[in-house]
Amino acid sequence: MINLKAKYIIITILISLANLNITPALSNNNKLMSSDNNVKDKNDSNKIKIKSLQEDFYILGEGDGLLLKVIGAPELDGSIYILNDGSVSLPLVGTTKLSGFTIKDAAKHIETLLSRELINAQVELSLTFSRPIMVSIIGEVKRPGVYKLDSKKNDLPTLINAIESAGGLSKKADLSDITLKRRLAGKNFKYKQTNLNLRDLILKGDFQQNPYLFDGDILKINKTINPDKEILSIASTTLSPKTIVVNFIGEVNRPGSLELRTNSTLVDGILAAGGTKDLRSNYRYVEILRMNKNGSGFRKRYKINLANNYSEKNNPILNDGDSVWIRKNNFAKASDALGYVANPIKDLVSIWTLFKLVD
């Protein structure tokens, strides 16, 4: 029971607090805390700060190699590997799943298992080999799709590496609006996302815009209505692979798949393929076959002059994966009329078929 003197002291304190307006301040603080929690929840499910991307914890998966150290029990130390089903084999406790854990959480999980056999089990876990990661890149890149990116000396690939693997940016890419979705740790597939700005990376050197990528990341390069041709030209040069592969068939001296420098023109490619065959090539009937991102085919005819410089009309820049067909002239057709049919290289049969299918 509270005596009369104690009641008097409590009432006096409450009156003093009311006079100092502390109660409304506490109410405001509660509102602020509630507001902060709402922001945090919204950020966790939608937007995150770019800086936090670099601080994300690596999520373990199939193919990762780990070094296990048990404090006070060196006989249990050793290398462990996460198998295709996400499990590892541990001393004393047997098989357990680690896929989807962060390294810190995996160490705690192993400590919990070992505590059934050891007193005061303490575990140190470190990554010795990181698996190749799979990322999806969609939108305004030349070859959208899913790419396997290798880690070099456990150094994770970055946004730039992914764009290079996808052939570089398209002409309609919005460099200031790139969406990155990242899986959260845990068994459930939940994601958070943020927006990246390559303009700031290129013009200001802001390397926070080039974060490390994790397994399962989804990148979307959004489309712009009014592309900045100058900055996109810089980006296309710096963010594209140094080489492209183009297929050549028909009346060239070395038909086949050739590796060319990025921004090579049609004439550059023909010369790299050994040039046209004397007396057989039709300079007015050179075709480029290009597969679009939606699966449709683009096929266009060009009149070429091997002395021409770049022009979009007659000597365009080639894209990675293009196929070039140099047709026969009338003399070649006449000389082949006795039943001889040009036999394409075995590896390029499908290219001939594509040319026939795409009008």
Colleague: When you check the gap from the basic side-chain N to the acidic O, do Arg327 and Glu287 get nearer than 4.0 Å?
Modeller: yes
Colleague: Stepwise, does the side chain to side chain contact (heavy atoms under 4.5 Å, CB included) test hold for Asp268 with Leu318?
Modeller: CA-CA 9 Å; Asp268 292 334; Leu318 297 171; over 6 Å; no
Colleague: Please report the shortest heavy-atom distance between Gly269 and Leu258, naming the atom on each side.
Modeller: O-CD1, 4.3 Å
Colleague: Distance-only check: which donor-acceptor pairs under 3.5 Å involve side-chain atoms of residues 83-97, not counting sequence neighbours?
Modeller:
from	atom 1	to	atom 2	distance (Å)
Asp85	OD1	Ser87	N	3.1
Asp85	OD1	Ser87	OG	2.6
Asp85	OD2	Ser87	OG	3.2
Thr96	OG1	His109	NE2	2.8
Lys97	NZ	Asp85	O	3.4

Colleague: What's the shortest heavy-atom distance between Ile221 and Ala173, and which atoms?
Modeller: CG2-CB, 3.9 Å
Colleague: Does any non-hydrogen side-chain atom of Ser170 lie less than 4.5 Å from one of Val141?
Modeller: no
Colleague: Going by the side-chain hydrogen bond (donor to acceptor under 3.5 Å, both in side chains) test, which pairs reach into residues 111-121, not counting sequence neighbours?
Modeller: none
Colleague: What pairs of residues pass the salt bridge (charged side-chain N to carboxylate O under 4.0 Å, His left out) test when at least one of them lies in residues 212-225, not counting sequence neighbours?
Modeller: Arg131-Asp215, Arg182-Asp217
Colleague: If you link ILVMFWY side chains whenever their heavy atoms are less than 4.5 Å apart, which other residues fall into the same cluster as Leu67? By chain and number, please.
Modeller: none
Colleague: When you look at Val146 and Ile137, which way does the side chain to side chain contact (heavy atoms under 4.5 Å, CB included) test go after all the steps?
Modeller: CA-CA 6 Å; Val146 177; Ile137 180 164; over 6 Å; no
Colleague: For Asp200, check side-chain hydrogen bond (donor to acceptor under 3.5 Å, both in side chains) against everything at least two apart and list the hits.
Modeller: none
Colleague: Could you work out, with side-chain hydrogen bond (donor to acceptor under 3.5 Å, both in side chains) as the rule, every residue matching Ser176, not counting sequence neighbours?
Modeller: Asp174
Colleague: Scan side-chain atoms only and decide if Thr243 and Glu259 contain a donor-acceptor pair under the 3.5 Å cut-off.
Modeller: yes
